[in-house]
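Per chain, numbering begins at 1; letters A, B, ... match sequence-line order. Keep in mind that this is a model prediction, so the values were computed, not measured.
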There are 2 protein chains.
Amino acid sequence: MIKVLVIEDHEEIRDLISYNLGKENFETICFDNANEGLIHLENDDVDIILLDLMLPGLKGMQFLQIVRNNKKFSGVPIIIISAKNTEQDIINGLEMGADDYLTKPFSIKILIAKINAILRRNPAIKSKIISINGISIDTNNYVVTVDGEEISLTNKEYELLQMLLKHPKRVFTRNQILNAVWGYESDVYTRTVDTHVSSLRKKLGEKGSFIKSVPKIGYRADI
Amino acid sequence: MIKVLVIEDHEEIRDLISYNLGKENFETICFDNANEGLIHLENDDVDIILLDLMLPGLKGMQFLQIVRNNKKFSGVPIIIISAKNTEQDIINGLEMGADDYLTKPFSIKILIAKINAILRRNPAIKSKIISINGISIDTNNYVVTVDGEEISLTNKEYELLQMLLKHPKRVFTRNQILNAVWGYESDVYTRTVDTHVSSLRKKLGEKGSFIKSVPKIGYRADI
DNA sequence: AAAAATATGTCAATTAAATGTAAAATATAG
DNA sequence: CTATATTTTACATTTAATTGACATATTTTT
């Protein structure tokens, strides 16, 4: 699902955007200020940002500048939605790094068409990276690194690792793991999981010990 | 120099655009009809297209459709500049594949800012030669060289190589490759990809080994 | 606390599955 | 019609997954 970060201090506009994008199957995350938006951006990847300029606290243009100067986020498309509608306002916004600029009042349908046009051109290939405690999984590229060193995992090992790390601390039974990694109809021997856990631990080296067995139940990532 | 193809039947507007873009160091190629624009596109690569909709002969929307359905040009950004200014006109234009839509009368400065915003996001448009590790692809001329020696690839091999090298390290599934190289409606057997990988590796000689298979997933350029 | 019962760890052999590639069949271009 | 490119087929090769055996660890019972 496409995640849209909305930074807009007017509640009615936030609700309007949220409601209409929701109908188009976008997931919206809304904030009434840029500071919180920035924090969210640190913690969760988003696909596109809708940004108001006149905000309390951190101003929209400052937010834009921070995001564009940060390597990690600089690829995220940004559409400015603002009541500032002079030629110079628009030029400033675009030159500062916005991908498009809509002036208020705006048509929600045009907004949606513009979001789609931008996403069409930048297929959300942003790498979803799960990274905990020195182990990171680039889920787009199937690349796993331990302390920066790439290690090579087989498909089952990879899927298993991903499952465990997506919910650290949570205990999974062998059957849950079989269902998730092997598929529901598979009639594989439960203990096959153990073999894969074993080889996964081995490949992870020292870090492998974070995979704890929970006797009589299954395994969990104690990390 | 960035080449801008302008398709606009009003001479004053063509001149206005041409003059102002010239000052910004763009090269403009202007036509008063879409047919000639299309022929030009066939013969010379352009970086971005400015398109009027109400034209004599081939209409702007038809032009847009032709360009977007043609694999060779579908990546070229298009900004529509039109007097058609209803919400539905704009939505149609964007949904048909335009990257932006300016309504007349328009600000030339905003136009320039928008062109820059679009080009900023598609840097690949500017660099037409991909060159990594002794393998280089001149995407203007469809020429591939390995250590300076030109090699001859078939079209599918060429497209495949280009796809892999545009995103080194990234893993592509066989289906992603099929969609990108063969097109969405193609009903070609997945393993055909393998055959082409094989012949591509062979033609690349020693360097061919950079194409790594990722078991159960697909291929990637490990380069 | 020791012994018995049960569970997990891991190696090595086996089985299964995916990839590599040559060559035949088909399609396309000139 | 011929040459070339593309797709499919078939089989060889490689790689991964699974199982069984036994060692080690943990839990339960006495």
Which nucleotide in the list dT8(C), dA17(D), dT8(D) gets nearest to the side chain of Val188(B)?
dT8(D)
Rounded to whole Å, the CG-C1' distance (Leu200(B) to dT7(D)) equals 17 Å
Of Asp187(B) and Lys216(A), whose closest DNA chain D nucleotide lies nearer the 5' terminus?
Asp187(B)
I want to verify a distance call: between dT6(D), dT19(C), dA17(D), whose nearest atom is closest to the Asp194(B) side chain?
dT19(C)
Closest to the side chain of Thr154(A), out of dA17(D), dT15(D), dT8(C), is dA17(D)
Rounded to the nearest Å, what distance is computed from the OH atom of residue Tyr142(A) to the P atom of nucleotide dA18(C)?
14 Å
Please give, in whole Å, the distance from dT6(D) C1' to Leu160(B) CG?
13 Å
Taking dG20(C), dT26(D), dT9(D) as options, the one with an atom nearest any side-chain atom of Arg191(B) is dG20(C)
Tell me, yes or no, whether the heavy-atom count around Lys166(A) atom NZ, taken from other residues, nucleotides or ligands under 6.0 Å, exceeds 12.
no
Please report, rounded to the nearest Å, how far the C1' atom of dT26(C) is from the OH atom of Tyr189(B).
16 Å
In terms of the nearest nucleotide of DNA chain C, which residue is placed more toward the 5' end: Ile211(A) or Val197(B)?
Ile211(A)
Categorize Thr192(B) for me: base, sugar-phosphate, or nothing, with a 4.0 angstrom heavy-atom threshold over every strand shown.
base
Any base atoms under 4.0 Å from Ser199(A), or only sugar-phosphate, or nothing? Heavy atoms, all strands.
nothing
Please check if the number of heavy atoms outside Lys202(B) that lie under 6.0 Å from its NZ is greater than 12.
no
What integer distance in Å separates Leu204(B):CG from dG20(C):P?
14 Å
Which part of the nucleic acid, if any, lies within reach of Tyr219(B) when heavy atoms closer than 4.0 Å are counted: base, sugar-phosphate only, or nothing?
sugar-phosphate
In short, Leu94(B) meets Lys114(A) closest at the heavy-atom pair CD1-CG, 3.5 Å
Looking only at the side chain of His196(A) (C-beta and beyond, no hydrogens), which of the listed nucleotides dA17(D), dT6(D), dT19(C) gets closest?
dA17(D)
Rounded to whole angstrom units, what separation is found between the CD1 atom of Ile217(A) and the C1' atom of dT6(C)?
14 Å
Given dG20(C), is OP1 or OP2 found less than 4.0 Å from the side-chain N or O atoms of Lys202(B)?
no
Rounded to the nearest 0.5 angstrom, the CZ-CG distance for Phe63(B) and Leu41(B) is 5.5 Å
Could you give the NZ-to-P distance, from Lys203(A) to dT15(D), as a whole number of Å?
12 Å
Any side-chain N or O of Trp182(B) under 4.0 Å from OP1/OP2 of dT7(D)?
yes
Tell me which one of Leu160(B), Val214(B), Asp194(B) satisfies side chain to side chain contact (heavy atoms under 4.5 Å, CB included) with Tyr219(B).
Asp194(B)
Which nucleotide wins on minimum distance to the side chain of Thr195(A), given the candidates dT19(D), dA16(D), dT6(D)?
dT19(D)
What is the separation between atom CG on Asn155(A) and atom C1' on dT18(D), rounded to the nearest whole Å?
15 Å
Closest heavy-atom pair and its distance - Asn20(A), Ile112(A)
O-CD1, 4.1 Å
